[in-house]
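Have a look at the structure below before the remarks.
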Amino acid sequence: MVHQQRSQGRLSQSSDTKDRGDRGDRGDRDAIVALLAPRLVHFAGVARTEHVTRAAQEMQVPQSTLSRSMVRLEQDLGVELFARRGRTVSLTPAGRTFLTSVERALAEVERAADEVRADADPATGKVAFGFLHTMGAETVPGLLHAFRADHPRVRFSLVQNYGEAMLEKLRAGELDLCLTSPVPDAPDLVARRLDEQKLRLVVPADHRLASRRRIRLAEAAEDTFVTLEPGYGLRRITDDLCQEAGFKPRVAFEGEEAETLRGLVAAGLGVALLPPPAVARPGVVELTVTAPRAVREIGVAWLDGHPDTAPVAAFKKFLLSRRGSLLPA
């Protein structure tokens, strides 16, 4: 059989389609994939055996179904893929080119299927878990250590970020669960309060309040503050507590990480409202705030209606069991 390029196949692109831009191109690609995908396995089987009857037996499909599938595939592509000689077939040059890409695509699908099955395995699956930077030194390592006592082979993909960024990753399907603060209230998310963490006013060692153990936040109204950047949950809490105390903080420096802020405080560049450090830092004094009540709630959040794999469900149950005892004493 002489290989021919048919003058006009079903998948040819009209001139008006070419002008639709990226959105139209994506729609065309989706349509092509939806049309061709069910026939690719059949094509690969026939190409491998070069015999329709034998391929039908191996794939356990009727020979007539397989023959029709190949004819329709060629019609859809507008290209002859096989040279036919009775019951045997051989690939045309176009068929060989197509087979190389089809085998690569099928192998990638098989790899992806193996990967998602492995991630969902109850014993060895994976949990994509996000948490705040301030919980990375003690809280999260302690939680993972305790969880893996009963689930030693479950794997974790860990993401440290600020709250809003993690909620975006939840919505995008990049995270299964996240520990965040404040506890989100959104219609597309489920969130559960797990614990609360006291915040302290951190001042330089030579600060006028450094000799005190307890202070009212209003006593720092004239001080310069160093804070996290807008969008961070702790920044919002700081602004709200200062407003409740009757003043708007004068912010000199904004950062992305609590321990950096402690360093700025130690250098005498301001004061900060921060959770307790994992390790005491020299050059600063941490004061208990008596008014207003300076705490931040810590909660776990996940996407509403999102089905859990077995390892995610187990870790979620574990986190919920730690209500009131999530944070180190």
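Every value quoted in this text rests on a predicted model; they were computed, and no experiment measured them.
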> Below 4.5 Å, heavy atoms only, C-beta onward: do Thr309 and Asp119 meet side chain to side chain?
Replying inline: no
>> For the backbone of Ser64 and the side chain of Ser67, can you confirm whether one donor and one acceptor N or O come within less than 3.5 Å of each other?
In response: no
> Is the backbone of Val312 close enough, under 3.5 Å, to the side chain of Asp176 for a donor and an acceptor to pair up by distance?
Replying inline: no
>> Testing the basics here: between Asp223 and Phe225, what is the closest heavy-atom pair and its distance to 0.1 Å?
In response: O-CD1, 3.6 Å
>> Other residues, nucleotides and ligands only: do more than 12 of their heavy atoms fall within 6.0 Å of CZ on Arg148?
In response: yes
> Cluster question for you: counting only ILVMFWY and a side-chain heavy-atom cut-off of under 4.5 Å, with indirect links fine, are Val183 and Leu177 together?
Replying inline: no
> Does any non-hydrogen side-chain atom of Val289 lie less than 4.5 Å from one of Leu273?
Replying inline: yes
>> Hydrophobic clustering (ILVMFWY, side-chain heavy atoms < 4.5 Å, transitive) - are Val140 and Leu320 grouped together?
In response: yes
> Rounded to the nearest 0.5 Å, how far does CZ of Arg117 lie from CG of Asp121?
Replying inline: 11.0 Å
> Roughly how far, to the nearest 0.5 Å, is the CG atom of Leu274 from the OG1 atom of Thr134?
Replying inline: 9.0 Å
>> Tell me the closest heavy-atom pair linking Ala205 and Ala210, and the distance in Å.
In response: O-CB, 3.3 Å
> With distance as the sole test, does Asp304 use its side chain to make a donor-acceptor pair with the main-chain N or O of Val190 at under 3.5 Å?
Replying inline: no
> Looking at side-chain heavy atoms only, is the closest gap between Leu327 and Met135 below 4.5 Å?
Replying inline: yes
> Sub-3.5 Å donor-acceptor pair from the side chain of His51 to the main-chain atoms of Arg54, do we have one?
Replying inline: yes
> If you take all heavy atoms of Ala301 and Pro184, which pair is closest and at what distance?
Replying inline: CB-CG, 3.9 Å
> Is the closest side-chain heavy-atom distance between Arg72 and His42 below 4.5 Å?
Replying inline: no
> In Å, rounded to the nearest 0.5 Å, how long is the span from OG of Ser181 to CG of Leu194?
Replying inline: 11.0 Å
>> Tell me which one of Glu50, Arg96, Arg85 satisfies side chain to side chain donor-acceptor pair (under 3.5 Å) with Ser90.
In response: Arg85
>> Between Val271 and Ile237, is there shared hydrophobic-cluster membership here, with clusters defined by ILVMFWY side-chain heavy atoms closer than 4.5 Å?
In response: yes
> Do Phe82 and Phe98 make the cut of ring centroids closer than 6.0 angstrom?
Replying inline: no
>> Go through it in stages, so that I can follow the logic: the residues are Val226 and Val251, the test is side chain to side chain contact (heavy atoms under 4.5 Å, CB included), and I'd like the CA-CA distance, side-chain angles, deciding distance and then a yes or no.
In response: CA-CA 6 Å; Val226 295; Val251 177; over 6 Å; no
>> What verdict does the salt bridge (Lys or Arg N to Asp or Glu O under 4.0 Å) test give for Arg111 and Glu108, after you've listed the backbone C-alpha separation in whole Å, the side-chain angles of each residue and the deciding distance to 0.1 Å?
In response: CA-CA 5 Å; Arg111 184 203 63 77; Glu108 180 63 18; 2.7 Å; yes
>> Quick one, Lys198 and Pro276 - any side-chain contact, counting heavy atoms below 4.5 Å?
In response: no
> At what distance, to the nearest 0.5 angstrom, does CG of Leu199 lie from CD of Glu286?
Replying inline: 10.5 Å
> Just wondering, are more than 12 heavy atoms of other shown residues or ligands nearer than 6.0 Å to CG in Asp185?
Replying inline: no
> Is there a donor-acceptor pair closer than 3.5 Å between any side-chain N or O of Arg235 and the backbone N or O of Thr227?
Replying inline: no
>> Apply side chain to side chain contact (heavy atoms under 4.5 Å, CB included) to residues Met166 and Leu175 and explain how you reach the verdict.
In response: CA-CA 8 Å; Met166 287 192 295; Leu175 288 177; 4.1 Å; yes
>> Any side-chain to backbone donor/acceptor pair from Arg250 onto Glu222? Under 3.5 Å, distance only.
In response: yes
> Is a donor on one side and an acceptor on the other found under 3.5 Å between the side chain of Arg155 and the backbone of Thr124?
Replying inline: yes
>> I'd like to know whether Glu103 forms a side chain to side chain contact (heavy atoms under 4.5 Å, CB included) with Leu99, so could you lay out the CA-CA distance, the side-chain angles of the two residues, the decisive distance to 0.1 Å, and finally the verdict.
In response: CA-CA 6 Å; Glu103 288 181 331; Leu99 178 62; 3.7 Å; yes
> Any idea how Phe131 and Phe129 line up, ring-wise: parallel (<30°), tilted (30 to 60°), or perpendicular (>60°)?
Replying inline: tilted
> Side chains of Pro277 and Glu259: does their closest heavy-atom pair fall under 4.5 Å?
Replying inline: yes
>> How long is the straight-line distance from CG of Leu234 back to CD of Gln197, given to the nearest 0.5 Å?
In response: 9.0 Å
> How close do Arg39 and Met70 get, heavy atom to heavy atom, and via which atoms?
Replying inline: O-CE, 3.8 Å
> So if you build clusters from Ile, Leu, Val, Met, Phe, Trp, Tyr with side-chain heavy-atom gaps below 4.5 Å, do Leu228 and Leu179 land together?
Replying inline: no
>> On a heavy-atom basis, which atom in Val154 and which in Val127 lie closest, and how many Å separate them?
In response: CG1-CG2, 4.1 Å
> Hey, is the main chain of Ala252 close enough, under 3.5 Å, to the side chain of Thr224 for a donor-acceptor pair?
Replying inline: no
>> Is any side-chain heavy atom of Leu158 closer than 4.5 Å to one of Leu144?
In response: yes
>> One pair to check against salt bridge (Lys or Arg N to Asp or Glu O under 4.0 Å): Arg208 and Glu219. What are the steps and the verdict?
In response: CA-CA 11 Å; Arg208 58 186 171 80; Glu219 296 179 71; over 6 Å; no
> For Glu174, does the CD atom have more than 12 heavy-atom neighbours from other residues, nucleotides or ligands under 6.0 Å away?
Replying inline: yes
>> Is there a side-chain contact between Glu297 and Val295 in this structure, where contact means two heavy atoms from C-beta onward sitting under 4.5 Å apart?
In response: no
> With a cut-off of 6.0 Å (strictly less than), are more than 12 heavy atoms of other residues, nucleotides or ligands near CZ of Arg171?
Replying inline: yes
>> Quick one, Asp239 with Arg236, criterion salt bridge (Lys or Arg N to Asp or Glu O under 4.0 Å). Give me CA distance, side-chain angles, the key distance, then yes/no.
In response: CA-CA 5 Å; Asp239 289 344; Arg236 193 191 328 165; over 6 Å; no
> Can you hop from Leu132 to Val202 via hydrophobic side chains spaced under 4.5 Å?
Replying inline: no
>> How long is the straight-line distance from OH of Tyr162 back to CD of Glu256, given to the nearest 0.5 Å?
In response: 8.5 Å
> Closest heavy-atom contact between Leu261 and Gly255?
Replying inline: CD2-N, 4.1 Å
